[in-house]
Structure formats: structure tokens, C-alpha cells
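Note sheet for the following structure.
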Amino acid sequence: MTWNSGYLKRIGVRLALNVFTLVIIITVSFAIMKAAPGKPFETERDPSPQVLEELHRKYDFTYGQYLKGILLHGDFRYSYSHRNSTVLEIIGEALPVSMELGCYALLLAIFAGLTWGLLSAFYRGRWFESFIMALAMIGIAVPNFVLGSLLQLLFSLRLRVTPVAGWTGFDSKLLPVVTLSLTYIAYITRIARGSFLENLNKDYIRTARAKGLPEIRILWKHLLRNSILPVINYLAPATASILTGTLVVEKIFNIPGMGRYFIESVFQRDFPLALGVIIVYSIFLLFLNLLADILQTFVDPRIRMQ
Amino acid sequence: MDAATAPVPVISNSPRSASPASIALGKLRKDKRALGSALVLVLLGLAVFLGPGFLQDYEKQILDAQLAPPSLAHWMGTDHLGRDVFARVLKGGQLSLAIGLLGTLISVLIGTLYGCVSGFFNEKLDLAMMRIVDILYSLPYMFLVIILIFQFGKNIYVLFVALGLVQWLTVARIVRGQVLALKKEEFILAARALGVGSFRIILRHVIPNVMGVVIVYATLTVPSVILQEAFLSFLGLNVSNCTWGVLIAEGKDYMDTAWWMLVAPGVTLTVCLLCMNFLGDSLRDALDPTSKIN
């Protein structure tokens, strides 16, 4: 596949627009944070002017200073609640954990969703299809915080087969990943089934069958490639909401990821940390949206021509 | 019943064409899943808004019956303070359902108006208005909603603003797409030729034609608003101390000794969301002219 210059230019425009969006996000979050009454260093007894000045030098900043620091030096300032740690250090520890959780969940969702979608398309009109689709509907309806708590109750507290919380070995990662991915498995199953059904009756599948190609090859080379686009289109919004999902899953299973730090920082008015998490999440979000667009054109070259 | 007296399908035999609404109703009436879901939702609504009047007060503490398992006296048991969980689940539903319906109404109104204006007038305005939607779309809104509610207090108006701000975006996009297609239709051209003003055309001709799509989207928005409210409550950003999200969070703390405290509100919320999703799905199928009439 060749990259024409028009397409590269469009990606460039998108990147510039993303930086602009990021500035808006920082501005809005900053405004909300600053709008609340109270300052971080107001205490009952007044510290000496020297101490106060030292504190302000280390912790205080204006909008202009903050924006400049972020964009030019990647400086996210010091956290208020974690003593002597920069926001970047905290995020550096938490981000890999959240990413691991999110990636496992997404991979599980894609793999399981495509498999179930394919199965339900092949068994169309049989009880098996209705069974899968009913399960998918339930999967979409169950909120992840209900599912997570119920799984924890059943497997950790009653059956005692998994640890209650933490993020250490395979057994402790199983429940959080399943909890996070279930909704997306359900959505992908529905989307994939619809797309597979649409393509199964097309002429090129009949031609492939008439040529005597093995079924597995038809599936892999012909059907999957042509019906995957709706699933890819769904991936960008799915990834965005998986990020939100990590908030609650990390809280339920006590996982030391970004989501848990975010909730903590909001409740403790740790302004720089909350802002830092929002910015990192937003960068991810914007980048993933761009990636999804590029991926679409790889799968369907027609989009690139427009 | 012989062929002569058998009821003939209205749609194929009537000399005048049936209206889209009546076709949709006909399809819905045959959809057992939709009827069942509607029935459950009606019962749930009645129970939630009338039920607490017949039960003991949801705040009343029975001190010798803390964490009592479900029984005839307390259908869903009691919580750690000896309050009746059934009464609390019903009471919590009031807020959830009200927020779901009102939040959806607000977002649909804003979204429809925005989409109509964006799609109907000139291209430059359309481009500018849709760019704004694109940018708002890429905000990590759940994070902003969380800091918004925490900073401006846990009151119901902040919650409405926060949830409403998010939901109208999709409505605006859908409506705008519809309006763009409608704009080229001949009846709009005819109305213009007769000298009808733009505002009146939007009100009398465009909006009635996008209503079907908007209604379908709205039925699917209600459960999503309810879910978001519960999500925020679960995280501790609750506007009332008795909502489904709060009950689930409390239930999670006591689930080892009192599973009913988690299971009762959790299952109620799930059943509610499930039925709303079923209903929205069926409505979408029913209003889709390409789906077959069985």
C-alpha cells in the first residue's frame, strides 16, 4: 500500500488539531480545579513567610506556567498528597499497571467477541444463536461495578479460588480483566455477528466455496478481512470507555493503577496529580482515535481515496 | 377460521398506505421480548414510585435486626444499620429513574436543536458546529464530570449539567445526518417555494421527520444515563445517600456477611437496564423500514 501525500497531510492536520484539543482539555480541567474555594496551604497556624515562600515556589503555579511547563518540558509538577514525588513519577509507576489491565481486557474482548460473533453467525436460527445473543444482551446490561463485586463475592470470598484484591500473579489478574472486558465482548459479538451475516451471503464467499477452498481459508482470508471493519470502527470508542472502566475496576480490586490514583487525588484535592492523570489519559485517547482512523484505511483502502 | 374471515394484514391490503408509526406499533405488538420488557419496566416504575408508601420508612432503623437475611418481614433482608433493603432499593430507584428520564429529555432537546441548525443552514456553519462537537467528543468526559461534581458540590443540578453535557453530542450528530438528507427532499423544496420561513420549516417539517430516530436513540440513552449516575454514586460522588449506586457500594463493603445487600440493588439495576436495552433494540427494529414485517 502506498501513502499518497494528501493522506499524510490529513494525518498532519489531525495531529495539529489534537494538540489544540489537548490545550482545551488542560484549560477546562484547570478552570474547574481552580474554581473551587480554598487554597492548598491554608492552615490553622501560619507558617513563617520563608516556609510559605518555599512551599509556593515548589507547589504553586499559574495557568500560563503550567501550560508552558507541560508543552515545552513535559513538567507535570509535584503531587500535593504524595510527599516529594513528582506527578510524573507517580504516573510512571501507575501507567504500566493500567495499560496492562486495559490491553489484556481489549485483547480478550476482541478475541472472544470475534469468536462468539462467528459462532452465532454460523449457527444462525438455531437455539445456540439465541443463547449467545441473550448472553450478549445481559453482558451489555450488567454494569461492570456490579459484575466485579459479584465475581469477587463468588470466586474470592465464597469459593476462595482467586485473591480478593491486588495485581501480582495470573490468578489475581483474572477477575479484573474479565470484569473489564465483558461489556466489550458483548458489543463486539453483536457487531461481528451482524457484519459476518451480511457478508456470508455475498457472491465472493460463494465463489470461494465453488473453487473448493477449505472453509478455514475462506473464513480467514475472505470473510474475516471483509467483515472486520465495523469491529475496528468500534475499537476507538471502546478503548476510550475501557479507560473509564479502569477507574471502577481498579477501585474494586484495589489495583495500583492510574484510575485509583485519579479517584484518590480528586478526593484529596491533589490538583496536580488529577490534572496529570487527565492529561495522560487524553493523550492516549487522542492518539488511539488517530490510530483507529489509520487502521481503517489499512483494512479498507477505499476510505483513503475519499 | 377460513380464509375469508381471517384477518388480513393491514399493511399489504389497505388502499391507503399505513403511517410509519402504525407499522412500528404493529411490529412492536408482535414482539414478545419488547412487550415483556415494557411490562417489567411499568411494574418497576409503579413499585419504585408507589411502593415506598406501603413499606416501612427507608431510613427507619430496626436495632435488633441488623444484617438480617431475607425473610417474609424483610423481602431483601436488612442492612448494617437495620434498615429494610427492599424499601431502600425502591426509594433509590426513584432518583435513578427520574435522572434517567430528565437527563435524556434535556440532552435530546439540546441535541435535536443543535443538529437541526447545524444540518439545515449553510455549510460553513455546519463545519464549525460539527468541529466543536468533534472536540467535545474527544474530551475524557467521565474524568471531567468527576472533578466537576466534586468541586461544585454533590447536588442534582450539577449532575444534570454534567450528564446532559455529554449525552447531547451523539443526538446532535445523528440529527444533523438526518437533516442533511432531508434537506434535499422535495417536500422541503416545496415548502421553500411556498415561502415558508426556515424556522417554520425546521419546526413543522424537519423535526417531525427526525423524531423516529431521536426516539430510538432516547430509549437507549435512558439506561446509559442511569448507568452513569450509578457509576458516579458507586465511586462516592452521590447526590443522595440512597441511590442504586450507593446501595451497591454499601453492599460491596458488607458482601461477605450480607450478600443480599449487594445482590438486591445489583440485580434490580441490571434488570432495569436490560429491559430498557431490549425495548430500545425492539423499537429500533420496529421503526426501521427495511426490517421485515413478520
Side-chain angles (χ1 to χ4, degrees), chain A residues 17-18 20-22 24-25 28-29 31-37 134 137-138 140-150 152-154 156-158 164 190 236-237 240-241 243-245 247-248 251-252 259 262-263 265-267 269 271 274-275 277-286 289, chain B residues 33 37 131-132 134-153 162 170 220 223-224 226-228 230-237 244-245 248-249 251-257 259 261-263 265-278 281:
Chain A
L17 203 68
N18 281 351
F20 177 63
T21 312
L22 193 64
I24 290 182
I25 292 170
V28 171
S29 325
I32 297 175
M33 291 282 198
K34 280 277 169 173
M137 201 51 171
I138 294 172
I140 287 172
V142 187
N144 52 13
F145 53 91
V146 174
L147 181 78
S149 309
L150 287 176
Q152 210 176 30
L153 174 64
L154 185 64
S156 307
L157 295 175
R158 289 290 132 88
V164 179
R190 282 166 56 116
S241 73
L243 287 180
T244 321
L247 284 180
V248 77
K251 185 182 151 82
I252 293 176
F262 177 73
I263 301 287
S265 67
V266 170
F267 278 88
R269 293 187 183 271
F271 173 35
L275 214 52
V277 174
I278 291 182
I279 291 169
V280 171
Y281 268 129
S282 309
I283 293 173
F284 258 90
L285 218 63
L286 295 170
N289 272 321
Chain B
R33 208 181 58 174
S37 304
R131 245 315 115 71
I132 293 174
D134 283 346
I135 289 175
L136 289 178
Y137 240 116
S138 47
L139 298 184
Y141 68 87
M142 210 18 123
F143 295 86
L144 295 179
V145 166
I146 288 172
I147 52 174
L148 202 69
I149 292 178
F150 188 80
Q151 298 286 45
F152 291 101
T170 315
L220 291 168
S224 110
I226 291 179
L227 178 62
Q228 280 165 10
F231 176 87
L232 290 168
S233 293
F234 181 82
L235 290 179
L237 295 156
W244 283 343
I248 292 166
K252 194 191 166 299
D253 289 341
Y254 288 90
M255 67 182 176
D256 204 13
T257 44
W259 54 266
M261 274 179 70
L262 170 66
V263 173
V267 170
T268 313
L269 173 61
T270 307
V271 168
C272 175
L273 296 176
L274 189 64
C275 289
M276 286 178 170
N277 279 326
F278 271 144
D281 254 26

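So that the names make sense, note that chain A is the first sequence line, chain B the second, and so on, each numbered from 1. The analysis underlying the following values was restricted to heavy atoms, covering all of them including side chains, and did not include hydrogens, waters or symmetry mates.
- For the atom pair B/Ile146 CD1 and A/Ser265 OG, the distance stands at 9.5 Å (nearest 0.5 Å).
- Interface remark: B/Leu274 contributes backbone and side-chain atoms alike to the contact with chain A (heavy atom separation under 4.5 Å).
- Of the listed residues (A/Ile263, A/Val28, A/Leu153), the one with the most heavy-atom contacts under 4.5 Å to chain B is A/Leu153.
- Note: B/Phe143 and A/Tyr281 have tilted aromatic rings, judged against thresholds of 30 and 60 degrees for the angle between ring planes.
- Contact of A/Leu17 with chain B is made through the side chain alone, with heavy-atom distances under 4.5 Å.
- When the side chain to side chain donor-acceptor pair (under 3.5 Å) test is applied to B/Ser224, the partners found at least two apart in sequence or on another chain are B/Gln167.
- The shortest distance between side-chain heavy atoms of A/Arg190 and B/Asp281 falls below 4.5 Å.
- Using a 4.5 Å cut-off between heavy atoms, B/Ala230 contacts chain A through both its backbone and its side chain.
- Shown here are the ring pair (Phe, Tyr, Trp, His ring centres under 6.0 Å) partners of A/Phe20, two or more places apart in sequence or in another chain: there are none.
- Within the 4.5 Å cutoff, side-chain heavy atoms of B/Leu237 are placed close to those of A/Phe267.
- Between A/Ile252 and B/Phe234, some side-chain heavy-atom pair lies under the 4.5 Å cut-off.
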Let's go through B/Leu227 and A/Phe145 carefully: what are the C-alpha distance in whole Å and the side-chain angles of both, what is the deciding distance for side-chain contact (heavy atoms from CB on, under 4.5 Å) to 0.1 Å, and is it a yes or a no? CA-CA 10 Å; B/Leu227 178 62; A/Phe145 53 91; 4.3 Å; yes
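- Contact count against chain B (heavy-atom pairs under 4.5 Å) is highest for A/Thr21 among A/Leu147, A/Thr21, A/Val277.
- When A/Ile138, A/Ile24, A/Ile25 are compared by the number of non-hydrogen pairs under 4.5 Å with chain B, A/Ile25 comes out ahead.
- Residue contact with chain A, scored on non-hydrogen atoms closer than 4.5 Å, involves the side chain of B/Ile248 exclusively.
- Counting heavy-atom pairs under 4.5 Å between each of B/Leu273, B/Asn277, B/Ile147 and chain A puts B/Ile147 at the top.
- Proximity to chain B (any heavy atom under 4.5 Å) is restricted, for A/Leu285, to the side chain, taken from C-beta onward.
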